[in-house]
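In the text below, chain A, chain B and the rest are named by the order of the sequence lines, each starting its count at 1.
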Amino acid sequence: MNLKLQLERLFAASLQQLTGLPDVPAQVARSKNPQFGDYQVNGVMPVAKRLGRNPRELAQQLCQQTPLGELASRVEVAGPGFINITLANSFLDQSLNAWRSLPLLDAAERPLTVVIDYSSPNLAKEMHVGHLRGTIIGDAIARTFEALGHRLLRQNHFGDWGTQFGMLITHMQEAAQGLPLGSQLRDLEQFYREAKQRFDADPIFAEKARQNVVRLQSGDANCLAMWREFIATSVEHCEELYRLLDISLERSHMMPESRYNERLPGIVAKLESQGLLTESAGARCVFLEQFQGKEGEPLPVIVQKSDGGYLYATTDLAAIDYRCNELAADRVLYVVDARQSLHFQQVFAVARQAGFATSDCSLEHLSYGTMMGKDNKPFKTRSGDTVKLVDLCHESIERAFAIVSSKNPDMPEKERRRIAGAVGIAAIKYADLSKNRNSDYVFDWDTMLSFEGNTAPYMLYAYARLCSVWRRAGVDLAQFQAAVAVKAPQERELALRLLQYGEVVETLAEDCLPNQLCLYLYELAGSFMQFYEACPILKAEPAEQSARLALAKATTRTLAAGLELLGIRPLEQM
RNA sequence: GCGCCCAUAGCUCAGCUGGAUAGAGCGUUGCCCUCCGGAGGCAAAGGUCAGAGGUUCGAAUCCUCUUGGGCGCGCCA
């Protein structure tokens, strides 16, 4: 169900017929202003300009030649050459009634293999707020592609192989005596800080750490064993968070850096055989003309250090090779923060040049901005430390619990805890997802936990209210079958909004901006609230009641499905 | 020095990739409970879209410059 696409095709076809020009888009868009109908055709004016014709005249002809049938109740030329379309109520009814027995989303006409690289924490430390956005946004995008029937492959490219592991292993060797390792690693952040302190302060420790990196990478059994133990603990920490945040990443999606280790020499060899490698100050680099550094000197992509070690650019090249050639990806999406944009530009360019990425494989860096505190500086604790993700989640749940308790003092505590758990996590996710990922955003507890405005609590409330209607009506949602019959303006508005679900989700798979879906769901919830105020359901006459319940059912399904794409579980009561 | 991103209502943010009179929420000022969950709905006030040029039927959106902010630029990831 994609009204926009349906109209676009109708008008584009007759525009082509009318002008003889191939591939002219009709530029159908939702109308912002209700006086301009539901949809508008914007594509006539540019074409008229190109052909030196009168745009209003051409628009008039286009209206007459486009077979809209029963679809529209009003089609008119307006302004300099817009065509405004008002859909017929009967068409809205028919479409909604047909939709009842269909999946909410159409399967993609051309299913793609889409690889998405997200979350990808560094296992040396515990996950902190810096990982939040990528994890949440990536997860929503992944769920969306899946729902549209694409072949979606999650890749959790976590950092388990860097230089820091030498440091951590050394600290484990020296500090592990006495306490069992498990208890030491309970606070990974603390453990990392201690190791880092010793590394910076003690040259002997630092030297041992460097040796341990070499031993680890060359397969020393002892080092490997300690490394495995550390990684296992760290992975458990991540998984605990994924469960808490309801993130769809699982073991099978783990494709850490270490897994590319044995491929790295081959990557460098291929670059060399293609004459792309240059040695500079002992390091092996690829220089591309389009990248310049300070003072206009060429900027290298270093793929092998002077000591022979490999770098994350090398691993990323190996990952591109794997994703494009072995996984046969059509699109590879990197949900990584904006500061790495130069890195990805370089790596993508080298990958193309060297043929690791074929020309029909699209490499996309979906970057996102920084999470800021209320002071407009990167979000930190009062003492200036990074905030651990677990702590953030628990604080959110606690705050939600206080709010839920004040709203429902008589509810059993267990129930309030359950609701607070869902609301607290939903609030964090929704606050992030509802903002355009490209910009930095200010993290504010009061705004995100507010029940007013475009927030998780408002959305969950709207859903709970819907569920309450079903309980009151004594009707089983799954069993209920009745036809929609739109009359009141609020019913019409809601019906139209419902039918736009598909086009919104399909757009999301194009531009990967989940805030578009949030906005849609917020407007849907708003349309429902207005309908709910203006059109009584339970007190209506039987015929009217079942038509309204039919609208309510479509709303319930759509809201639940949309929230699920965002990784948010709706609550039946709150 | 070079490059990327950002600047929209008092505050927090949208603006669907160039469409008509720039929209929400908070806050402010009012209104609506004989009503299915008031955790709601309705309304008002609030704007030089940082500034200046340019492109064109049409610009918050594209181009150039200026100002102000964030980030990144050789062996960390």
Any idea if B/U17 is syn or anti, going by the 90°-from-0 cut? syn
Atom NZ of A/K374 to atom C1' of B/C13: distance rounded to whole Å? 14 Å
Could you check whether atom CZ of A/R50 has more than 12 heavy atoms from other residues, nucleotides or ligands sitting under 6.0 Å from it? no
Check whether any side-chain heavy atom of A/L460 lies under 4.5 Å from a side-chain heavy atom of A/I419, and answer yes or no. no
Checking all strands, does A/C467 fall into the base, sugar-phosphate, or nothing category for heavy-atom contacts under 4.0 angstrom? nothing
Give a yes or no on this: more than 12 heavy atoms of other residues, nucleotides or ligands lie within 6.0 Å of atom CD of A/Q290. yes
What is the separation between atom CZ on A/R416 and atom P on B/A39, rounded to the nearest whole Å? 17 Å
Taking both distances under 3.5 Å as the test for a Watson-Crick or G-U pair, what stems of at least three pairs does RNA chain B have? B:1-5 with B:69-73, B:10-13 with B:23-26, B:28-32 with B:40-44, B:50-54 with B:62-66
Classify the ring geometry between A/F344 and A/H365 as parallel (under 30°), tilted (30 to 60°) or perpendicular (over 60°). tilted
Base, sugar-phosphate, or nothing: which does A/Y520 touch, judged by heavy atoms less than 4.0 Å apart? nothing
Where the side chain of A/S306 is concerned, which of B/C13, B/C75, B/C73 is the nearest nucleotide? B/C75
Nearest-Å distance for atom pair CG/C1', residues A/D446 and B/U12: 12 Å
Under 4.0 Å between a side-chain N or O of A/R472 and OP1 or OP2 of B/G37? yes
For the residue pair A/R417 and A/F401, would you count it as a cation-pi contact if the rule is NZ or CZ under 6.0 angstrom from the ring centre and within 45 degrees of the ring axis? yes
Starting at CD of A/Q530 and ending at P of B/G40, how long is that distance when rounded to a whole Å? 14 Å
Do A/R492 and A/D38 sit within salt-bridge range, that is, some charged N less than 4.0 Å from a carboxylate O? yes
Determine, for A/E8 against A/K4, whether the closest basic-nitrogen to carboxylate-oxygen distance falls under 4.0 angstrom. no
Does a nitrogen or oxygen in the side chain of A/K305 sit under 4.0 Å from OP1 or OP2 of B/C76? yes
A/Q304 vs B/C75: side-chain N/O to OP1/OP2 distance below 4.0 Å: no
Syn or anti conformation of B/G38, syn meaning chi within 90° of 0: anti
Please list each protein N or O that sits under 3.5 Å from an N or O in nucleotides 14-19 of chain B, with the distance.
from  : atom 1 : to     : atom 2 : distance (Å)
B/A14 : OP1    : A/N436 : N      : 2.5
B/G15 : OP1    : A/N515 : ND2    : 3.3
B/G15 : OP1    : A/Q516 : NE2    : 2.9
B/G15 : OP2    : A/N436 : ND2    : 3.4
B/C16 : O2     : A/R30  : NH2    : 2.9
B/G19 : O2'    : A/Q40  : NE2    : 3.0

hbond_proxy A/Y461 side chain to B/A39 base (donor-acceptor, 3.5 Å cutoff): no
Spacing of the P atoms in B/U8 and B/G54 (rounded, Å): 24 Å
Out of B/C36, B/G27, B/U21, minimum distance to the side chain of A/N33 belongs to B/U21
Do the side chains of A/D375 and A/K377 get close enough for a salt bridge, i.e. N-O under 4.0 angstrom? no
Quick check on RNA chain B: between A/N454 and A/A338, whose nearest nucleotide comes earlier from the 5' end? A/N454
I'd like to check A/L21 versus A/V47 (side-chain heavy atoms, cut-off strictly below 4.5 Å). Are they in contact? yes
Of the listed nucleotides B/A39, B/C4, B/C76, the one nearest the side chain of A/S341: B/C4
How long is the line joining CG of A/L264 and C1' of B/A77, in whole Å? 14 Å
Distance in angstrom units between A/F451 CZ and B/G37 C1', rounded: 12 Å
Ranking A/G159 and A/I302 by the position along RNA chain B of their nearest nucleotide, the one closer to 5' is A/I302
To the nearest Å, how far apart are A/F344 CZ and B/G3 P? 22 Å
Using atom P of each nucleotide, how far apart are B/C73 and B/A9 to the nearest Å? 32 Å
Does the plane of the ring in A/W161 sit parallel, tilted or perpendicular to the ring in A/W227? Use 30° and 60° as the thresholds. perpendicular
Scan A/D160 against the nucleic acid and name what it touches under 4.0 Å (heavy atoms): base, sugar-phosphate only, or nothing. nothing
Expressed in whole Å, how much space separates the P atoms belonging to B/G46 and B/C32? 24 Å
Heavy-atom neighbours of A/R74 CZ exceed 12 at 6.0 Å: no
P gap between B/C26 and B/A44, integer Å: 15 Å
Between A/Y522 and B/A24, do the rings stack, that is, sit under 5.5 Å apart with planes less than 30° off each other? no
Candidate nucleotides B/A20, B/G74, B/G40, ranked by approach to the side chain of A/E297 - the nearest: B/G74
A/S406 side chain vs A/I403 backbone, donor-acceptor pair below 3.5 Å: yes
Heavy atoms only, 4.0 Å cut-off, all strands: where does A/P536 land among base, sugar-phosphate and nothing? base
Roughly how many Å apart are B/U55 and B/C42, using the C1' atom of each and rounding to a whole number? 44 Å
Heavy-atom distance under 4.5 Å between the side chains of A/C238 and A/L123, does that happen here? yes
Check every strand shown and say whether A/N408 touches a base, only sugar-phosphate, or nothing at a heavy-atom separation below 4.0 Å. base
What's A/A464 touching, base or sugar-phosphate or nothing? Going by heavy atoms closer than 4.0 Å. base
B/C49 and B/A20: how far apart are their P atoms, nearest whole angstrom? 15 Å
Go through B/G70, B/A39, B/C36 for me and flag the one nearest to the A/D440 side chain. B/G70
Whole-Å distance separating the OH atom of A/Y39 from the P atom of B/A20: 17 Å
Ignoring hydrogens and geometry beyond distance, is the side chain of A/D316 in donor-acceptor contact with the base of B/A77 at under 3.5 Å? no
Report which part of the nucleic acid A/Y458 touches: base, sugar-phosphate, or nothing (heavy-atom distance under 4.0 Å, all strands). sugar-phosphate
Answer with base, sugar-phosphate or nothing: what part of the nucleic acid does A/E257 contact at a heavy-atom distance below 4.0 Å? sugar-phosphate
Closest to the A/A78 side chain: B/G72, B/G74, B/A20? B/A20
For A/E207 and A/Q211, does a side-chain donor sit closer than 3.5 Å to a side-chain acceptor? yes
Of the options B/G40, B/C13, B/A77, whose atoms approach the side-chain atoms of A/Q340 most closely? B/A77
Counting the atoms with a prime plus P, OP1 and OP2 as sugar-phosphate, which does A/R50 contact under 4.0 Å by heavy atoms, base, sugar-phosphate, or nothing? nothing
Taking the same atom, C1', in B/C13 and in B/A22, what whole-Å distance lies between them? 14 Å
Separation between the C1' atoms of B/U17 and B/A77, rounded to whole Å: 33 Å
